[in-house]
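Naming convention: chains lettered A, B, ... in sequence-line order (proteins, then strands); numbering from 1 in each chain.
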Number of protein chains: 2
Amino acid sequence: MTNLSEDSAVLRLPRLADEEVDFGLLAEMTGFSVKLVWILGYTYLTRAIDDAGITPQRFSMLELIGVNPGLTQTQLARALGLSRPATSLTIDFWEGRGHVERRIAAQDRRSFGIHLTAQGKTALEGLRVRVREADDALTRKLGPEEIDQLRGLLARIYE
Amino acid sequence: MTNLSEDSAVLRLPRLADEEVDFGLLAEMTGFSVKLVWILGYTYLTRAIDDAGITPQRFSMLELIGVNPGLTQTQLARALGLSRPATSLTIDFWEGRGHVERRIAAQDRRSFGIHLTAQGKTALEGLRVRVREADDALTRKLGPEEIDQLRGLLARIYE
DNA sequence: CTGTATTTGTTAATCACTATAACAAATACA
DNA sequence: TGTATTTGTTATAGTGATTAACAAATACAG
């Protein structure tokens, strides 16, 4: 995850501003602007939490488990838009660190309820602080009312 | 690129709205909203142009070449935020279709100036129409002044 | 002028991620 | 009771992008 050579990718962002390159249609597309901001946010977030393989996806999973203890893996997969195998592997990751445990569901012994361990709760607290900071950094050029405006417009699109 | 089985990925989007899942901190993050919209836009765009391997990245490259004929591969890589190997392969793709050609630069015979062929120009025109439609579809729930507002706020973040 | 260093582009090897397919166990239902 | 569906896992594969290594051309230092 550390890319520090000549062609480092973490910071590799399209360059709209400088030099003589005209972005043509891309510069007129809302989707392209969204992509640029997404890359920037992903970069901030990754830098904030990248300890031994913690990625935005993996954090999202831990957060969902923390807020909704007992969800099954299929429910988690659907909520986050992942395949069931990907979900299974993500839970393996957190279980291997002792942050999460699978408890067999009494009423349906095919499925597990996923829960945070005490360790997991502590880790999640620490991660949340850093994630918040990264998200604040992303919007640091906007005032509070502008952030609300932006969030509102984005929500109108995907809701 | 066709995923039509049970676990289809093209449409796989996190589900904020329905069911009993609480997204916790994620629901409060601007970066997460941006990600959702980005996924949606990427899905629309991919559906609009996905003929025989044309991806958003590859379209972006063709557009940049069309608007800025004669750029070198290194300049294209920097502008789009790609590595030079990735850029080289993308140009291979378009060159193989006869849409782009490499012309040796007279003053520096290490580098090529990249140019559209007549075929490439025609193809680009057709793609531009579909790309515009996909971008319009993404923002169809917003009025013109709201789109401007959104674009302005996003630009403030990455500029 | 000569030799080293840098730059451009390509190729090869690798890595990370995700998906699909196939499977066992449990449950639902006809 | 027997078939079909669902849950989760494993195995396989495919994709994309990256790093490293390289050849050719150019820049520059001594």
Task: Watson-Crick or G-U wobble partner of C:dA25, both distances under 3.5 Å - done: D:dT6

Task: OP1 or OP2 of C:dT8 under 4.0 Å from side-chain N/O of B:R102 - done: no

Open item on the list: Distance check needed: C:dT10 P versus B:E95 CD, whole Å only.
Closed with: 8 Å

Open item on the list: So, OP1 or OP2 of C:dG9: does either fall under 4.0 Å of a side-chain N or O from B:T87?
Closed with: no

TODO: Just name whichever nucleotide pairs with C:dA30, Watson-Crick or G-U, keeping both distances under 3.5 Å, else none.
DONE: D:dT1

- [ ] Can you label the angle between the A:H99 ring and the A:W94 ring as parallel, tilted or perpendicular, going by 30° and 60°?
- [x] parallel

Open item on the list: It should be established whether A:Q57 places a side-chain nitrogen or oxygen under 4.0 Å from OP1 or OP2 of nucleotide C:dT18.
Closed with: yes

Open item on the list: Any N or O donor-acceptor pair under 3.5 Å from the base of D:dG8 to the side chain of A:R84?
Closed with: yes

TODO: Let me know the distance between CZ of A:R110 and P of D:dT6, rounded to the nearest Å.
DONE: 9 Å

Open item on the list: It should be established whether A:Q73 places a side-chain nitrogen or oxygen under 4.0 Å from OP1 or OP2 of nucleotide D:dT9.
Closed with: yes

TODO: Using whole Å, report how far CG of B:L76 lies from P of C:dT10.
DONE: 12 Å

- [ ] Tell me the partner of D:dA17, counting only Watson-Crick (N1-N3 plus N6-O4 or O6-N4) or G-U wobble (N1-O2 and O6-N3) with both under 3.5 Å; none if nothing fits.
- [x] C:dT14

Task: Verify same cluster id: A:L89, A:I54 (apolar side-chain graph, 4.5 Å) - done: no

Task: Gap between atoms CG and C1', on B:L89 and D:dT15 respectively (whole Å) - done: 13 Å

TODO: With side chain to side chain donor-acceptor pair (under 3.5 Å) as the test, would you mind laying out the steps for B:Q119 and B:R97 before giving the verdict?
DONE: CA-CA 9 Å; B:Q119 266 189 57; B:R97 295 189 140 212; over 6 Å; no

TODO: Please round to the nearest 0.5 Å and tell me the distance separating atom CG of A:D22 and atom CG of B:L64.
DONE: 8.0 Å

- [ ] Report yes if some heavy atom in the side chain of B:I157 is under 4.5 Å from a heavy atom in the side chain of A:K141; otherwise report no.
- [x] no

- [ ] Measure the distance from CD1 on B:I104 to C1' on D:dT26 and round it to the nearest whole Å.
- [x] 15 Å

Task: Whole-Å distance separating the CG atom of A:L82 from the C1' atom of D:dT9 - done: 16 Å

- [ ] Check whether any side-chain N or O of A:S88 sits under 4.0 Å from OP1 or OP2 of D:dG8, and answer yes or no.
- [x] no

Open item on the list: If the cut-off is 4.0 Å, is A:S83 near the phosphate of C:dA19, judged by side-chain N/O to OP1 or OP2?
Closed with: yes

- [ ] Name the closest nucleotide to the B:R109 side chain, picking from D:dA25, D:dG8, C:dT10.
- [x] D:dA25

- [ ] Report the distance from atom CG of A:D92 to atom P of D:dA11, rounded to the nearest whole Å.
- [x] 12 Å

TODO: In whole angstrom, give the distance that lies between atom OH of B:Y42 and atom P of D:dT15.
DONE: 13 Å

